[in-house]
Amino acid sequence: MSKYQKRPVRDAIHGFSGFCTPAIFADLFAKPAMDKRFPQYDELDLPKVAADILAIWDAEDTFGKSLELRKDASPFVFYEGPPSANGLPGIHHVMARAIKDIFCRYQTQKGHRVDRKAGWDTHGLPIELGVEKELGITKEDIGKKISIEDYNAACKKAVMRYTHVWNDMTRRIGFWLDLEKPYVTYHTKYIESVWFLLKKLYDDQLLYKGYTIQPYSPAAGTGLSSHELNQPGTYKPVKDTSVVAMFKVNKDPASEFLFKDALGDVFILAWTTTPWTLPSNCALAVGPSLEYACVRTFNPYTHEPQTVVVAKNRLVETLRLKGSEGAVQPLEKWVIEECLHGRSNVLGPSGRQFDGIVEMNGVEAFVEVELGRIAVSTPERILSGAGDKPVILVGLRTELAALHVPWLGSSMQRIQAMAFEDFVDALPSFYGHQLEGVRYEPLLPNLPIVKTYAENNPDSFRVIGGDFVTTEDGTGVVHVSPTFGADDKRVADQHGIPGMYRTAMSAEEGSPSLKFTIEQNDFAPEREGLVIEKAILPIVDRQGRYIPEMGEFAGEYVKAEYLSAEQQAAEAKRQGRDKYLSVDERIAIKLKTEGRAFKVEKYEHNYPHCWRTDKPILYYPLDSWFVKVTAKKQELIDNNKKIKWKPESTGTGRFGNWLENLQDWNLSRSRYWGIPLPIWRSEDDSEEPKCIGSLRELKEEIARAVKAGVMKTDPYSAFNPDDLSDANYEGIDLHRPFVDDIVLVSPGGKPMKRETDLIDVWFDSGAMPYAQWHYPFSAESRERIKKTPFTDGTGRKWEQYASPSSLSGGSKISFPAHFIAEGVDQTRGWFYTLHAIATLVFDSRAYDTVVSNGLVLDKMGQKMSKRLGNAVDPFKTLDAFGADAVRWYMISNASPWDNLKFDAEGITEVQRKFFRALFNTYNFFALYANIDAFDGQGDVALTESDRWILSRLNSVTKLADASFADYEPTVAARAIQDFVVEDLSNWYVRLNRRRFWKGGMGADKNAAFRTLHHCLEVVSMLSAPISPFFSDRLYRDLSGGSVHLTKWPTHDEAAIDVELERSTAYAQRITSLVLGIRKKEKIKVRQPLQRLIIPVRLGELYHQRLLMVRELILSEVNVKSLEFVDETKSGFTKRIKPDFKKLGARLGKQMKAVANAVGQLEQPEIAMLESSGKLNLRVDGGEVDLLLEDVEITTENVPGLSVASDGPYTVALDITLSGPLLQEGIARELVSRIQTLRKESGFAVTDRIDLHIQRNGDVAFEQAVSAHAAHILAETLSITPLDQLLVTDLPQTGSTVHGVALDERSACVLSLSRSSN
RNA sequence: AGUCCUGUAGCUCAGUUGGUUAGAGCGCUACACUGAUAAUGUAGAGGUCCGCAGUUCAAAUCUGCGCAGGACUACCA
C-alpha cells in the first residue's frame, strides 16, 4: 500500500478563495498540519525531476486516479488523432502531444473527466512503400513474387514496429493517454464500424461509382497517387509540340456578332501542349469576365484571309510568331497592298529576288512575301548574310500590318511596339460570356470516333464558361477534353457535355480498373443517382495507344517516349519518313495543311513523370467510388460555422475555402493494405450491388451464398456474431485477400464479387470517433454516441448530438469532441474527414474546437528533415532538458499555430529564467520555513506587499484561466512566467527577504510565509498543465499529494486591487529612476540618503498611488524620506506634449498646426495654461482654445537637485551626505562584509557568532561602529556584548581574523568565530 | 497556379478600437549588488516596424500592389 492510498482521494482536492484579509488563510492549511520539513535541493535537475515524478505516477497510478476521481464528473471530450507508428516520432510530435496534453490536464483540473484513448493509424501507402522497400519488391510483384496474404502480414507487422518508441516518448513528455487500450485501425472491430458507416452512406445514396481524371502511367499500367507524383524528380522540363488550334465557328444567331466585320471564316483560337488530346475536344472554355476580340488576319500557313477570336490581352503574344521576341509594329496600308497585289520583282544586293522595296522610317528595305508572311530586310542585313531570315509578320488585314524589324534600332522598336498595343487596345472587344453557346465544327471531323461522337452528341462542340480560364498564357480559350483533363471534366460535367468514349469491345481493351460509364441504372429506379458501370474506353487505351476508331492514327502511342528507339525507327519506316514523327507532331502538320493551325511551336514546360518508369504520365480517366460530399455542401459549411478554430483564419480561410470548392471524395485506392470496400457486385451488373454494414450481415449473406452453391464454405465460420469479445473478433481477418475470396449471391441467384478497391485511409481516421468504441455494435458505444434531449424555451423538445459544456455529471457522451488538435497540415486531412463523416452520417459537427498547430522548424527556419540532417532527436532533447523545460519553451515561445523555430538555446533560457527562478524561490521558502518550523498555523498580518503579490497572483490566475479556456496556452504561459520571474522572485522575495529571516515567529513573519507558500502553491497549479512534472514536484513538496488531483484555483475578484498593482508599478518605475541617479552620482545603494522628492499634482491619482507605496520606495532605494512637491507651482521646467488622441478627434485637419504651436510654447505660457486651465492659440486656420486636458505636462527638472525622468515620471534626489548618514553607510557596509565573511567561513544561516572589530584610528569609522553597534550585532547574529564590539585588541584565540576594505580609503581588521552558545 | 500564415533590435517575440520617445527577454558592453548567489539589479549600444503606393490631421497598426519565407491544395490550356 502506498502512502498515497492512506489518504482519501477526496481530501486531496481543495480550492482557494478569498485573499483580501488575513482571514483568507483560514482554509489554506485546513489539512492536517504538515509534519515534514520542506525538502531542500542543492541544484535544479529537471530531467531527474521528470524521472522521479514519472516513477511516482507509475507507482501511484496518478493518471488512473485523476480519472477515477472524476468518474461522475461531466466529461470533456478529446479525440486523439492517430499517428502512424511505422515511423519514428520527431520533435514536432512532442509539440503536438504537449498541446493535446495541456488542455486535457487543464480540463481535468477544472473538474472534468477527460477520457483519452490512444490510437494508431495502421493503413496507407507510406506503410506499403516502407514494406516494399524492405522486401525489395514493387507493386507489380504482389500476387506474383509474394502473395497478398504474406504482403499484408508484412505490413501488419511493420506498422506497429515502433509503438514502444512512441509509447516511451508519450510517457516521457508526460502526455497522459490511455496507451493500454488504444484503437487500432486494422482491428476487426474497427473495420466493422467503418463498414457500418459506409453502408450508411450507401443507403443514403451518398456513395456512388464514377470516374475522375487521375495521373496514370501507361508504361507501368497503374494510376499514381498525388503522393507518388510529389516525389522529387517526377516533374521534369520537357519540350512538347504546342499548337494553337483553330476552331471554325458555325454561323448562327448566337455567333452572328462575330461575323459582322469578318474577313473570311471566323475561328476561335485555343492553345494546347498536348495535341494528342485534340481529337477528343468536346468544348471550348472561355473566362466569362475576360475580354475577347476579333482580329482580321491571314492564316500563316495557307495564307487564307480569316478572322480569329482571342482574349484581348493575349493578342500580341498570339499574333507574334516564333523568333520574333522583339517589337511588333504597324505598317502602312500601302505596304501590304503593294506587297500582296502589286508585286514587282526586285533583285536584292545579294542577287536574290525580292517582291518589292519599301521605305520604312527612312530605311530602304526589301520585301518578300513568303508563306503568307511579309519579310523585310535591309541591304546591310542581306549582305551580312543574315538577310535570309528576316522578319515577319502577319498582315492585320489591310489597314494595318504588324511587322517585326529587329535591326532597326531599339528606340524605334519601343515606339512601334507601343503603336501596336494601341492598335490592340482600340479593337472592339466583348466579354467571354457573350461567346458562351457559340457552336463550332469538330476540329478533326473525319476520324471515325469523332464522327460517331458528334452524331450522338449534337449538343457538344460549343463554347462554355469556366472560372479556371486565365490569360496567363495561351489564347484565353481552353481546349476542353473531358476525357483527359480534370478541370475539363468538371466544367464539361457542369454543362452536360460528355467525354469522348466508346464501349469496350473486350475485357482486353477495358481493364477492370478502366471500366465505367455514367449511365443511370434502369433496374432500380428508386435508387435515383445510383450509377452502374459499363466497360467503355476513352480514345486512348490503357497502354497509351489510340483506339482503332482513330482512323489514320489508330494504334499509335500518344507519347513518343512510350516507344523504344527501335519501335520509333520501325514506325518511321511505316510512315514513309526519314525520321519518326510523334503523334503530336503529325497532328500539328495535319492541322497546318487543313488550315486549322495558327501557330505550332516547341514549348518547354514541367511535366510529371512516373517515378517508376521515368516515362511521362497521362491524365487519364479511372473509375472510383465516391462519397457524394457535394450533396451536403451547405450542411458542411453550416456545421463548420459552429466550430471554433485556433487560429480562426484556418477555419474561415483554408478550411472554409476548401468547403466552398468542395469536390466529391474519391474513396477508392487500388492497393492491398487497407480496409476493403464492403461492396459486392454481380459480374454483369444486372442487379443492384450489395453493401455490407456489419459482420452479422456478412455472415448471413455468406450463408445464403453457400446455400446457393456459389461458395463452398464460410471462411468466417469461426466467428460468432453474438459474441462481442475481442477473441472472437480477432479470430478473423477482414483484409485482403480473405474478403476477396468471398462470393455472395444476388437475389437473382448470380454470383457477386467484391469490388477490389480499398478505401482511402483518411476515411479510417475520420471514422475514429465511432470506430474507437466499435459503434454501433458495443453497448458502450451507443451510450457514448447518442443524441441528447433538449427542451427549448417554448417547451418544444428535440434531440441532437451535442457536447455542450453543460453535459451532466456522469454523462458518457463522447461525440462530438470538445477539443482536438493536430498539425495544420491535417486541415484537409483529418480535420476534414472527421467533419465530412460527422456531417454526412450524423448530421453534426465532429468537434467544437480545433487547434491547428504549426510546424517545428530548425533554428534557421528550415523544415526539419532526415535528409538535411537538421532533425532534432526528441529523446536526446528530453534527456538534456527534461520534458518540462521543452514543453514550457515550446508553448511560451510562440503560439501553437505559428511555426516554431526550434532552438535548444531557447530551452536553456527557459530553464534558467523560469524554472530556476521558481526553484530558487521555493528553496528560499523551504530554507526559512524549515528553520522556523513553519506549519501554516498562527496569526497573520498582511503587509502592503503581501496584498500586492496576492493581488497579482489573482490577476494572473484570472488571466491564465481565461487563456487556457480560450485555447491560448502561450498567453497563459507568459503570464505565469512573468509573474514568477518578475513579481514573485525579483520583487516580492527581494523586498521581503528580511521578514523571513528576522527572529521570532510573529504575525508579520507568518504572513510572509503564508503568502509565499500560497503563491508557490497556486503557481504550481496554474503551471501544471504545461510543466506537469516540475509542478507536481513543487506541489508535493509544498503541500503533499499530486497537483494533478487538485482543483483548479479560482481567482478572487475581491483580492485584485488594481490600484495597488498600479501603485507598485509606479514604485518600480520610481525605484529604477532613483537607482539610476545613484549610479550617475556614484552613491552606493547601501549609503542611506535623506530626501527623495517627486513632483506631483497634489491630490491627483498619481500622487495618491505613490502615497500607497511610499515605504516600499524608501526601503528599496534606501532613502529616509519621500517628499512631494506641487508641480503646478513655479520653479520647474515643464515639458508639454499634446494629447493627440483627444485633440485629433476634436481638431481634425488643424491638428498638425496645433501640435506645432504646442511644441513651441514657452514656460510662462505653460504656466498660464496650468493655472487658468485654458490657453488661446493662434494657428493658421484660426484660433483654438487649448484645454489643460488636451495636453500632457511633465516636469523635467527640479532646481538644485539631481534629477532623472522617464516619460511622465520625474524624481529628484537630495544627495547631500551628512555625518550621520555617512556613519550609517559605513555600518551597513560593514554588515555586508561580515555577512560575506560568515558565508565564506561556512557558517550556517542560523549560526550565532562572536564578533569583534579592531579600532583603526579613523574617527568617523569608530563613531559609526559605536553608534550602530546594536544594528551590526543584530544583523550579523552576533552575541558579542554591545560594549565589546569595538575593541583595541582582538581576541587571541578561537577566532579568525580578517582584514576588510570598506572602500578605497578605509579598512579595518575584525575577528569572528562561531559562538558556542 | 490558388488559398492561408509569417515578416518589428544580432536572435526569440509583445505591440489593445490608428494617436507622435515602438517595447520585453536573450546576446553584447559597462557598472552595481552579495543572508535566493552557477542567482540578481541598473545603464548603454542596437530599428528604413520587408518594400512601394493609397486612405487619414496622424499608419508598425487600415487598403491595394509587390518581395521573401513557410504550409496546404491543385497541376493545368
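Below, read A as the first sequence line, B as the second, and so on, with proteins coming before strands; counting in each chain starts at 1.
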With a 3.5 Å limit on both atom pairs, tell me what [N] is paired to, counting Watson-Crick and G-U wobble, or say none.
N: B:rA9; result: none
N: B:rA43; result: B:rU29
N: B:rG51; result: B:rC65
N: B:rA1; result: B:rU73

For A:Phe247, what residues pass the ring pair (Phe, Tyr, Trp, His ring centres under 6.0 Å) criterion, not counting sequence neighbours?
->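 So A:Phe247 forms a ring pair (Phe, Tyr, Trp, His ring centres under 6.0 Å) with A:Tyr440.
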According to a strict under-4.0 Å criterion, is A:Asn899 in side-chain N/O contact with OP1 or OP2 of B:rG70?
-> no
For B:rG25, take OP1 and OP2 only and decide whether either is under 4.0 Å from a side-chain N or O of A:Lys913.
->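 No, because none of the side-chain N or O atoms of A:Lys913 sits under 4.0 Å from OP1 or OP2 of B:rG25.
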Nucleotide N/O of nucleotides 30-33 of chain B paired with protein N/O under 3.5 Å:
residue : atom : partner   : partner atom : Å
B:rC33  : OP1  : A:Lys1084 : NZ           : 3.4
B:rC33  : O3'  : A:Arg1086 : NH1          : 2.8

When A:Leu1143 and A:Gly829 are each assigned the nearest nucleotide of RNA chain B, the 5'-most assignment goes to A:Leu1143
Assign each of A:Trp897 and A:Phe484 to its nearest nucleotide of RNA chain B by heavy atoms, then name whichever residue's nucleotide is nearer the 5' end.
-> A:Trp897
Can you see whether [X] engages [Y] through a side-chain donor-acceptor pair at a distance of less than 3.5 angstrom?
X: A:Asn930; Y: A:Gln40; answer: yes
X: A:Ser280; Y: A:Thr277; answer: no
X: A:Trp888; Y: A:Asn893; answer: no

Just wondering, are more than 12 heavy atoms of other shown residues or ligands nearer than 6.0 Å to CD in A:Glu905?
->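 Open.
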Take atom C1' in B:rG27 and the same atom in B:rC72, then report the distance between them in whole Å.
-> 36 Å
Gap in Å between the two P atoms, one belonging to B:rC4 and one to B:rG64, rounded =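 These two P atoms come out 11 Å apart once rounded.
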